[in-house]
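What follows is a set of notes on a single structure, which appears directly below.
Only a predicted model underlies this, so the values are computations on that prediction, with no experimental measurement involved. Throughout, a chain's letter reflects where its sequence line sits, starting with A, and its residues are numbered from 1.
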Number of protein chains: 2
Amino acid sequence: MTVDQQRRPVKTAATSFAILERLKEQGTLGPTALASELDLAKSTVHRHLKTLEQEGYVVLDEDGYRVGLRLLDFGIHARNQHNLYEVAKPKVDELAEQTGEKVWCVTEEQGRGYHLYGAGGKHSVRTPAREGTRSYLHQLAAGKAILSAFPDDRVDEIIDQHGLPAKTNATITDRDELFEQLATIRDRGFALNREEIVPKLHAVGVPITDQAGNPVGAISLSGPSNRLTDDRLEDELANLLLGAANEVEINLSFS
Amino acid sequence: MTVDQQRRPVKTAATSFAILERLKEQGTLGPTALASELDLAKSTVHRHLKTLEQEGYVVLDEDGYRVGLRLLDFGIHARNQHNLYEVAKPKVDELAEQTGEKVWCVTEEQGRGYHLYGAGGKHSVRTPAREGTRSYLHQLAAGKAILSAFPDDRVDEIIDQHGLPAKTNATITDRDELFEQLATIRDRGFALNREEIVPKLHAVGVPITDQAGNPVGAISLSGPSNRLTDDRLEDELANLLLGAANEVEINLSFS
DNA sequence: AAGTGTTGTTCGCACTATTCGAACGCTTGT
DNA sequence: ACAAGCGTTCGAATAGTGCGAACAACACTT
């Protein structure tokens, strides 16, 4: 299942997507700026942009080129393929309302975590995550919850493929340490995250599995460390999420 | 502003996107099936798929290749660029709750309509539209509302570029007829759609404009023709939408 | 108002990178 | 057991891409 390094990639397609990626990160850019960032001739970038524009994948406005809405169709389609989305959505809303914190539904593809849907309660804080965000699993409470539901060799595969890059100095960067935590998570049923992705941000995550025990995703709750103390996380909030996950699992089995 | 036919498009990038488009439409496919549909060698398709897979734009599962979640990030980003989305969303929810019908927020890019956000009330019907759907403006109530806020020459441009393709036998396919309707819409402030895109489906749409009067989108309400009679559409529902659009316009001016 | 710098755009040419086809191993079904 | 289908790999020919130079359209300065 590992996506190993490819021998002969289609470079032209890769550069088109590299352009889109830059436009997504930087907002609105012109051919010259893009060319210098990507080390390409500006005529090359221009040609790509015009091709993408013709199909609606990028749009030209007065300030330059930006990502076009044509890509929304693809994204929504990709999300709807996971029926976890529609099943978990109402539960995520409910939890956000109930706790006032930020609640996310996350799933896994190719060893990476994707934020499918998030809802913010009354006093939820801003985090770098938004819908569609791709993250490293070991950096997320939800991600570690997902990893805990995988067999060890699959976790090894994922680490081999993506490594264990750090985000803060609390991020797990050691393979053995990660496996130790995963053992604890399997034991208790939930994962914690203490400033491992953003300073002063804590979170709990619980896995969602199918009947065979394979993870199909996770739900997490995150907030400021002063409100989300260890006591509250491990007791009140973990149990809340475990109950919600259980309901989602049951509903998933009938869809 | 017209996107005229391009002289030298990047064909390789275009085929990659053609593959993605097919995967979106057909679900999960293999290289052979894709190759025959796109008139390409299956080795070519395979190479594209592997390149796309490496970046997470497609995913390989047991049944074949499918669109990957990596594209969700792009789509959400594209949607968030239009601040109409976050401003109109609560109003759309409210209208759906209030009326029980399906309510949409639509915007325009390159002369095409994009469904930004939709909410379904209690007895809302299924329509072909979902979030991200790209449509011809003249086939939508919201689309005609948007067109009515454009100057005539811009409307001409859009017709020249995209034509007036029919969806049902009630679809407007004549330029003069469209302009006549647009005049009425400008006069009354709202657009109607009577089975012009789906048989037995009626809708009302009202434009949302900025301070300069340029359209930034529209909101629409649609439902079965027996419930949405002309009387109800023109009186009760049109006024409801006009009020909502007005609020959205005010909120937009402070964002 | 003229000039200078920058940016977006077009086009010919060299050469890289893509396409095709054929062949391989693999699974599925008869 | 064999055939038929699929996904995958690789070499070779040619088509298509990328580069650079040149042009046009502004914006900003002097």
Among the nucleotides dT19(C), dG18(D), dC20(C), which one has an atom lying closest to any side-chain atom of Thr15(B)?
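Within the option list, the nearest is dT19(C).
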For a quick check of understanding: with a heavy-atom distance under 4.0 Å over all strands, which category does Thr32(B) fall into, base, sugar-phosphate or nothing?
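The residue Thr32(B) makes sugar-phosphate contact but no base contact.
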Check every strand shown and say whether Ser16(B) touches a base, only sugar-phosphate, or nothing at a heavy-atom separation below 4.0 Å.
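Since no nucleic acid heavy atom lies under 4.0 Å of Ser16(B), the category is nothing.
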Atom CD1 in Ile146(A), atom CZ in Arg112(A): separation rounded to 0.5 Å?
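Those atoms lie 12.5 Å apart.
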How close or far is atom [atom2] of [N] from atom [atom1] of [X], stated in whole angstroms?
X	N	atom1	atom2	value
His46(B)	dG7(D)	NE2	P	9 Å
Leu40(B)	dA15(D)	CG	C1'	14 Å
Asp63(A)	dT7(C)	CG	P	15 Å
His48(B)	dC20(C)	NE2	P	9 Å
Leu38(A)	dG18(D)	CG	P	12 Å
Arg47(A)	dC19(D)	CZ	C1'	11 Å
Lys42(A)	dT10(C)	NZ	C1'	11 Å
Asp39(A)	dG18(D)	CG	P	14 Å

Give me the ring orientation class for Tyr57(A) and Phe17(B): parallel if the planes are under 30° apart, tilted from 30 to 60°, perpendicular past 60°.
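The arrangement is parallel - the two ring planes meet at less than 30°.
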Of Thr12(A) and Arg8(B), the one whose closest DNA chain C nucleotide lies more 5':
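Final value for this comparison: Arg8(B).
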Nearest-nucleotide wise, let me know which of Val10(A) and Ala33(A) is further upstream toward the 5' end of DNA chain C.
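The answer here is Ala33(A).
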Verify the neighbour count for atom CD of Glu86(B): are there more than 12 heavy atoms of other residues, nucleotides or ligands below 6.0 Å?
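Not buried by this count: 12 neighbours or fewer within 6.0 Å.
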Does atom NZ of Lys24(A) have more than 12 heavy-atom neighbours, drawn from other residues, nucleotides or ligands, at distances under 6.0 Å?
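Count over threshold, so yes.
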Do the side-chain N or O atoms of [X] get closer than 4.0 angstrom to the phosphate oxygens (OP1, OP2) of [N]?
X	N	result
Ser43(B)	dG21(C)	no
Lys50(B)	dT8(D)	yes
Tyr65(B)	dT8(D)	yes

Arg134(B)/Asp73(A) ion pair, N-O < 4.0 Å:
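A salt bridge is absent here (no side-chain N lies under 4.0 Å from a carboxylate O).
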